[in-house]
Structures are given as C-alpha cells and as structure tokens.
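Reviewing the structure listed below.
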Amino acid sequence: MPLIELTGIERVFTLGGSAVHALAGFDLVVEAGEFVAVMGASGSGKSTLLNLLGLLDRPDAGTYRLADRDVTTLSADEQARVRRERIGFVFQSFHLVPRLSAAENIGLPLMLAGIDPAERARRVARALEDVGLANRADHRPDQLSGGQRQRVAIARATIMQPALILADEPTGNLDRATGEEVVRLLETLNAGGVTLLMVTHDAALGARARRRVVLQDGRKIRDEPV
Ligand code: ADP
Ligand code: MG
C-alpha cells in the first residue's frame with residue numbers, strides 16, 4: 001500500500017478571467033520511506049502540488065489517497081486533523097510565529113493536539129537537542145540565523161512524528177553551507193523512516209534524493225530514479 005496516491009488531479013486557478021492549469025492530469029504514487037525531489041521551472045506547479053499533498057488546498061478534480069484513505073472528500077476539520085497527525089510542512093520562508101520563542105514554536109502542534117505541558121516540555125527539549133538548538137530555546141525567530149530558523153521549523157514539522165514531510169524549497173533563503181545542513185537534517189529524518197518530498201531548484205540538492213519528479217506547466221514530464 002503506497003503512502004500517497006494521486007489520480008487525475010486537476011487544479012485550475014482563474015485570475016482576471018483567464019484560467020491557469022496549475023496541475024493537469026497529474027498522477028503520482030509514493031511509497032512510505034521514499035525521498036522524492038520535486039523539480040521544475042518557476043510556475044510549473046510544484047507548490048500547488050505540495051499544498052494539495054499537505055491538505056492546505058483541494059483539487060478541482062481527481063483523488064488523493066493518503067495511507068489508503070481518500071482524503072479528498074474529508075471536511076475541513078477532518079483534513080486539519082489528518083494534517084496535524086500525519087504531515088509536517090517546511091516552507092522556504094520558515095513561517096515561524098514571530099513573537100514565540102524557538103521552544104514555543106516547536107511546541108505549538110503539541111499544544112493544539114492537547115498534549116499536557118510536562119510532556120510537551122520533555123518532547124520540545126528533545127526536539128531542540130535533535131536539531132542542535134538546545135541553547136537557543138528562548139530565542140525568538142528574529143534572534144536566530146536563517147539556518148537556525150529553518151531547524152526550528154523542521155523541529156516543529158516533526159514534533160508530532162508525521163509519516164510525511166513536505167518541504168517547499170527549504171533551502172531557498174539559505175546560503176549553500178547552511179542549506180546543506182538543513183538538507184542533511186531532512187535526510188536524517190528520511191533515514192529514520194519518514195517519507196520526504198522536497199521541492200528544490202538546486203540540481204545538486206535534487207540529486208541527493210533517490211527519485212526525481214519533474215513538472216512542466218502543471219504536468220509531470222519526468223519521474224525517474226536519481
Ligand atoms: P511553482 O511552485 O512551481 O513555482 P506554483 O504551484 O506556485 O508554481 O504555481 C503554478 C501556477 O499556478 C503558476 O502559473 C501560478 O501563477 C498559478 N497559481 C498558483 N497559485 C495561484 C493562486 N492562488 N491564484 C492564481 N494562480 C495561482
Ligand atoms: Mg513554488
């Protein structure tokens with residue numbers, strides 16, 4: 001049973017009277033534990049794809065099965081629950097809450113899931129250690145470097161131990177060395193069994209995945225082992 005099964009996905013945006021097929025006739029099967037690089041020119045549909053996979057958006061047609069369950073037809077509340085329990089998202093611009101500390105940002109999903117404060121504190125402390133930020137727990141995002149912010153975002157994305165991590169250009173705002181560290185962290189998670197889909201423009205980073213899916217104008221034009 002694959003973790004992800006997209007069949008006949010269509011996503012059309014209408015803007016100023018003209019329609020953009022952000023995804024068209026899109027099929028994709030991903031097995032649990034894979035590391036897939038999603039590549040393609042700007043505007044080819046990569047973020048649209050990740051947003052659909054992350055249940056942040058709905059397709060106009062087609063079905064999405066996640067762990068053998070049709071998640072396309074779930075209510076917004078049910079989708080939010082699936083997202084919280086199974087999916088971690090890492091964005092190019094980190095999307096941390098500015099007024100919260102690193103520890104509070106990481107603990108947010110636990111709080112939303114109703115985990116009690118003592119257990120929360122334990123898990124956040126361990127997550128901070130795992131991403132090498134034990135000594136930055138009380139820093140706010142504006143008191144952290146870009147690479148540190150992205151590591152906080154990764155810790156937040158993984159604190160619920162999701163089956164799937166979706167990373168949309170996670171190194172796009174980082175210099176090469178820092179980006180390298182972030183990818184290494186994602187690779188470590190994948191080695192631990194988490195399924196990883198990473199959008200990247202960077203061919204060298206894309207080559208670190210074991211499979212490459214290339215989009216063009218909302219269609220999949222290549223899908224090959226790396
Ligand atoms: P990528 O991430 O590969 O750069 P996107 O998935 O963001 O591409 O966008 C694919 C296409 O869909 C682009 O032509 C973009 O302009 C269009 N698009 C994406 N989101 C929207 C939106 N919310 N409204 C209108 N058009 C959109
Ligand atoms: Mg994008």
Side-chain angles (χ1 to χ4, degrees), residues 4-30 34-66 71-72 74 76 79-80 83 87-96 146-147 149-151 153-154 156-157 162 164-176 178-180 182-183 185-187 190 195-224 226:
I4 292 170
E5 208 171 353
L6 296 180
T7 315
I9 296 290
E10 308 281 332
R11 186 69 177 102
V12 184
F13 294 109
T14 324
L15 206 63
S18 71
V20 176
H21 268 80
L23 289 175
F26 200 93
D27 301 334
L28 183 70
V29 174
V30 178
E34 281 198 73
F35 176 10
V36 181
V38 178
M39 307 191 72
S42 178
S44 58
K46 306 180 299 295
S47 293
T48 302
L49 173 63
L50 254 67
N51 290 340
L52 289 173
L53 289 171
L55 299 174
L56 300 172
D57 187 22
R58 287 176 188 270
D60 295 297
T63 55
Y64 172 17
R65 298 183 72 81
L66 179 66
V71 291
T72 339
L74 296 180
Q79 284 196 339
R83 193 187 317 126
I87 303 171
F89 230 111
V90 179
F91 300 92
Q92 176 174 0
S93 48
F94 321 126
H95 288 206
L96 298 175
R149 284 181 216 180
Q150 196 59 302
R151 282 187 275 152
I154 290 171
R156 182 185 56 185
L164 174 62
I165 299 211
L166 302 168
D168 194 350
E169 305 200 39
T171 66
N173 283 340
L174 306 176
D175 62 64
R176 180 159 271 287
T178 311
E180 173 71 22
V182 163
V183 172
L185 188 53
L186 292 170
E187 282 173 334
N190 173 246
T195 308
L196 173 61
L197 270 80
M198 180 175 78
V199 170
T200 180
H201 271 117
D202 186 321
L205 291 182
R208 306 268 289 262
R210 270 160 285 152
R211 174 179 172 192
R212 181 168 40 215
V213 169
V214 184
L215 277 65
Q216 188 179 73
D217 297 332
R219 295 186 178 274
K220 193 167 69 174
I221 57 160
R222 281 213 302 278
D223 186 347
E224 58 204 7
V226 176

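Heavy atoms only: backbone and side chains are in, while hydrogens, waters and symmetry mates are out. Each ligand, and each atom within it, is numbered from 1 in the order the structure gives.
- Shown are the protein N/O/S atoms under 2.8 Å from the Mg ion (ligand 2), given by residue and atom: Ser47 OG.
- In this structure, Arg212 does not pair ionically with Asp223, as no charged nitrogen and carboxylate oxygen lie closer than 4.0 Å.
- Side chains of Ser47 and Asp168: a donor on one and an acceptor on the other come within 3.5 Å.
- Looking from atom 12 (O) of ligand 1 to the surrounding protein, the closest heavy atom is Ala22 CB, 3.4 Å.
- The protein heavy-atom contact nearest to atom 9 (O) of ligand 1 is Thr48 OG1, 3.8 Å.
- The contact set between ligand 1 and Ala41, taken as ligand atoms under 4.0 Å from a residue heavy atom, comprises 3 (O).
- Protein non-hydrogen atoms do not reach within 4.0 Å of atom 15 (C) of ligand 1.
- With no hydrogens or angles considered, a side-chain donor-acceptor pair links Asn190 and Arg210 at under 3.5 Å.
- Taking a 4.0 Å cut-off on heavy atoms, Gly40 fails to register as neighbouring ligand 1.
- Residues satisfying the side chain to side chain contact (heavy atoms under 4.5 Å, CB included) criterion with Asn173, sequence neighbours excluded, are Gln92, Ser93, Phe94.
- Within the 4.5 Å cutoff, no side-chain heavy atoms of Thr7 are placed close to those of Phe26.
- The existence of a salt bridge linking Lys220 and Asp27 is excluded, since no basic side-chain nitrogen approaches an acidic carboxylate oxygen closer than 4.0 Å.
- For Ala22, the side chain to side chain contact (heavy atoms under 4.5 Å, CB included) test picks out Phe13, Thr48, with sequence neighbours left out.
- Counting heavy-atom neighbours within 6.0 Å of Asp217 CG, excluding the residue itself, gives a total of 12 or less.
- Within the 4.0 Å cut-off (strictly below), a protein heavy atom is located near atom 4 (O) of ligand 1.
- Using a cut-off of 4.0 Å between Lys/Arg side-chain N and Asp/Glu carboxylate O, Glu187 and Arg208 are scored as salt-bridged.
- With a heavy-atom cut-off of 4.0 Å, Val20 touches ligand 1 through its side chain alone.
- Distances between N or O atoms of Leu15 and those of ligand 1 include no value under 3.5 Å.
- Here the protein heavy atom with the shortest distance to atom 7 (O) of ligand 1 is Ser47 CB, 3.7 Å.
- Taking only nitrogen or oxygen atoms, main chain and side chain alike, Gly43 reaches within less than 3.5 Å of ligand 1.
- A donor-acceptor pair is defined here as one N or O able to donate and one able to accept, closer than 3.5 Å; such a pair exists between the side chain of Glu10 and the backbone of Gly25.
- Residue, atom and distance of the protein heavy atom nearest to atom 18 (N) of ligand 1 are Phe13 CD1, 3.4 Å.
- Scored by the side chain to side chain contact (heavy atoms under 4.5 Å, CB included) test, Ile221 finds Val214, Gln216 as partners (sequence neighbours excluded).
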